[in-house]
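Below is one structure; the comments refer to it alone.
Reminder, nothing fancy here: chain letters follow the sequence lines and each chain counts from 1.
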Amino acid sequence: MNKKTYKTPEIDDDLAGQYVLGTLTADQRHEFEQRLASSIELQRQVNQWQAHFLSLTDRLDPITAPQPLSARIERSLDELEKQPKPAVQSTTNPLLSFWHNLSVWRGISVVCLVLVMVLGFKLQTLQPVLSEPTYIAVLVQPEDKTPGWVIQTSHSNQMQLVPLGAVEIPAGKALQFWTKAEGWDAPVSLGLVKKGETLKVDINKLPPLTENQLFELTLEQETGSPTGKPTGPITSIGRGISM
Amino acid sequence: MSSSTGFDYEGVLQQCATGDRRALMQLYEQEASRLLTVVTRILKNQPLSEDVVHDAFIKIWKNADAYQQELGSARGWIYTLTRNLALNALKHTNRQVLAEPEFLLDLCDNQVLASAGQADDMTELAEDHLAQASLQTCLEHLEPERKLCVLHAYVDGYTQDEIAKLIDKPLGTVKSWIKRSLNALKECLQ
């Protein structure tokens, strides 16, 4: 049906609907949120639009929330309870909001990456400094190229796999670290990644690292791939370069 | 107000505001999967989506006392809070922008819903039976291209820029279609 008699939008209704759709620009959104905070009527309109539109996403096939998620929430609640309760709202506790602020962690990851890139660039272009990494790789998610891990080796004969952000591993699963250089028949496992730990590999046990050598992480059973070769989806992938 | 499933979103938020952790976990049982579904659809990255749902539950817990009856739909309030976290998290991920017209249009097709035999399950989730049913009806009055713009924005969380590129129309056209669609929906829903 082609309605040609649309009214001129009434600013607030228009904005509340657009706010829920997520189509306001960052500035409009920010401005609207400031007004929203002090207007019950606007909040009511937003919730009403949301309730209407929800009927669409209620039809998506539900994804089961993994069990560790509820445990994680419980742990965070425990942490919150340990903090002395602020008088009004715990949202004002800067320490907690820091630890629970996703943007902070994402920001830190980005800073880390930039740091790695900058250091890498400097190391390539400047005179070598003492105990610099000699071999480096950045592993990214295959779909969206988000950097997730950095691999580096130095003269210590160890290769380190360092996460750039929080790592979530589904229950009963593990991330397995693999490498394959040109001419190898199959990838070789370098071990399983434990949550929150930097994986260290003794490179003396490996053939010499080569330019463009492939590194990847795959999602495997908790005990590692049953076949000794990658079987699960690749979560991160990248190639190494010598410095 | 309780929903037709008997789940009392408003009551649960009120209990959370008094510090009753069981209430939050009840809400988790009821809604976590749906919230994760909505967020994952937007971010297309499940680990990141789980982070967002975690943060959403913590924020619901902390802000439950800000919810009052006058604010209307409690379920709407929960999703507004969660979707905002998801939309903010978009800044930190590069997701793929995909056109899935049939899939999206099926989401608001009453016949598809009825033939899939899911109507009862789904409408049970609706907090307000009549209002929810009529959104589907009102969407039917929109031209498919305009309807798709609205669906891409809400269901996928795409920006107007992304939608314009996806459907190969000028940004101005997409903006005006979305505005007009919202006005038409609003008029129809009243």
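- In this structure, the separation between CG on B/L151 and CZ on A/F53 is 8.5 Å, given to the nearest 0.5 Å.
- With a threshold of 4.5 angstrom between heavy atoms, B/Y79 approaches chain A through its backbone and through its side chain.
- Within the model, atoms OG1 of A/T57 and CZ of B/R83 stand 7.5 Å from one another, a figure rounded to the nearest 0.5 Å.
- Interface remark: B/L71 contributes backbone and side-chain atoms alike to the contact with chain A (heavy atom separation under 4.5 Å).
- Rounded to the nearest 0.5 Å, atoms OG1 (B/T80) and CG (A/L54) are 8.0 Å apart.
- Note that OG of B/S73 and CD of A/Q48 are 7.0 Å apart. Values are rounded to the nearest 0.5 Å.
- One side chain, A/R29 or B/N84, offers a donor N or O that lies under 3.5 Å from an acceptor on the other.
- Shown here is B/D168, whose CG atom has no more than 12 heavy atoms of other residues, nucleotides or ligands within 6.0 Å.
- Contact of B/L139 with chain A is made through the side chain alone, with heavy-atom distances under 4.5 Å.
- A salt bridge links A/E74 and B/R21; the closest N-O separation between the charged side-chain nitrogens and carboxylate oxygens is under 4.0 Å.
- Note that the CG atom of A/L80 and the CD1 atom of B/I58 stand 5.5 Å from one another [nearest 0.5 Å].
- Smallest separation of non-hydrogen atoms from B/W77 and A/N47: CA-OD1, 3.3 Å.
- Ion pairing of A/R72 with B/D51 is present here, as a side-chain N (NZ or NE/NH1/NH2) and a carboxylate O approach within less than 4.0 Å.
- In this structure, A/D58 and B/R34 approach most closely via the heavy-atom pair O-NH1, 2.9 Å.
- Considering all non-hydrogen atoms of both residues, A/D61 and B/T37 come closest at O-CG2, 3.4 Å.
- The candidate from A/V46, A/I169, A/I40 with the greatest count of non-hydrogen atom pairs under 4.5 Å with chain B is A/I40.
- Smallest separation of non-hydrogen atoms from A/S55 and B/L135: OG-CD2, 3.5 Å.
- Side-chain contact between A/Q18 and B/Q160: present, with at least one pair of heavy atoms (C-beta onward) separated by less than 4.5 Å.
- Taking 4.5 Å as the limit, every side-chain heavy atom of B/L104 sits out of range of all side-chain heavy atoms of A/L56.
- Inter-residue side-chain proximity for B/L189 and A/W49 is flagged as met; some heavy-atom pair is nearer than 4.5 Å.
- Inter-residue side-chain proximity for B/Q136 and A/H52 is flagged as unmet; no heavy-atom pair is nearer than 4.5 Å.
- Counting non-hydrogen atoms of neighbouring residues, nucleotides and ligands closer than 6.0 angstrom, the CD atom of B/E100 exceeds 12 such neighbours.
- The line from OG of A/S70 to CZ of B/F57 is 9.5 Å long, rounded to the nearest 0.5 Å.
- At distances below 3.5 Å, not a single donor-acceptor pair connects side-chain atoms of A/R44 with backbone N or O atoms of B/G72.
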I would like to know whether A/Q50 and B/Y154 meet side chain to side chain donor-acceptor pair (under 3.5 Å); could you show each step before the answer?
CA-CA 10 Å; A/Q50 191 72 255; B/Y154 186 77; 2.6 Å; yes
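- Between chain A and the options B/R41, B/M25, B/Q96, heavy-atom pairs under 4.5 Å are most frequent for B/M25.
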Does the side-chain contact (heavy atoms from CB on, under 4.5 Å) test come out yes or no for A/I73 and B/L24, once each step is laid out?
CA-CA 10 Å; A/I73 293 169; B/L24 190 75; 4.2 Å; yes
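- Across all non-hydrogen atoms, the minimal contact from A/Q141 to B/N45 is OE1-ND2, 3.4 Å.
- Within the 4.5 angstrom heavy-atom criterion, atoms from both the backbone and the side chain of B/V150 approach chain A.
- Of all the heavy atoms in A/T23 and B/A153, the pair that sits closest is CG2-CB, 3.6 Å.
- Only the side chain of B/I178 comes within less than 4.5 Å of a heavy atom of chain A; its backbone N, CA, C and O stay farther away.
- Both the backbone and the side chain of A/P66 come within contact range of chain B, with heavy atoms under 4.5 Å apart.
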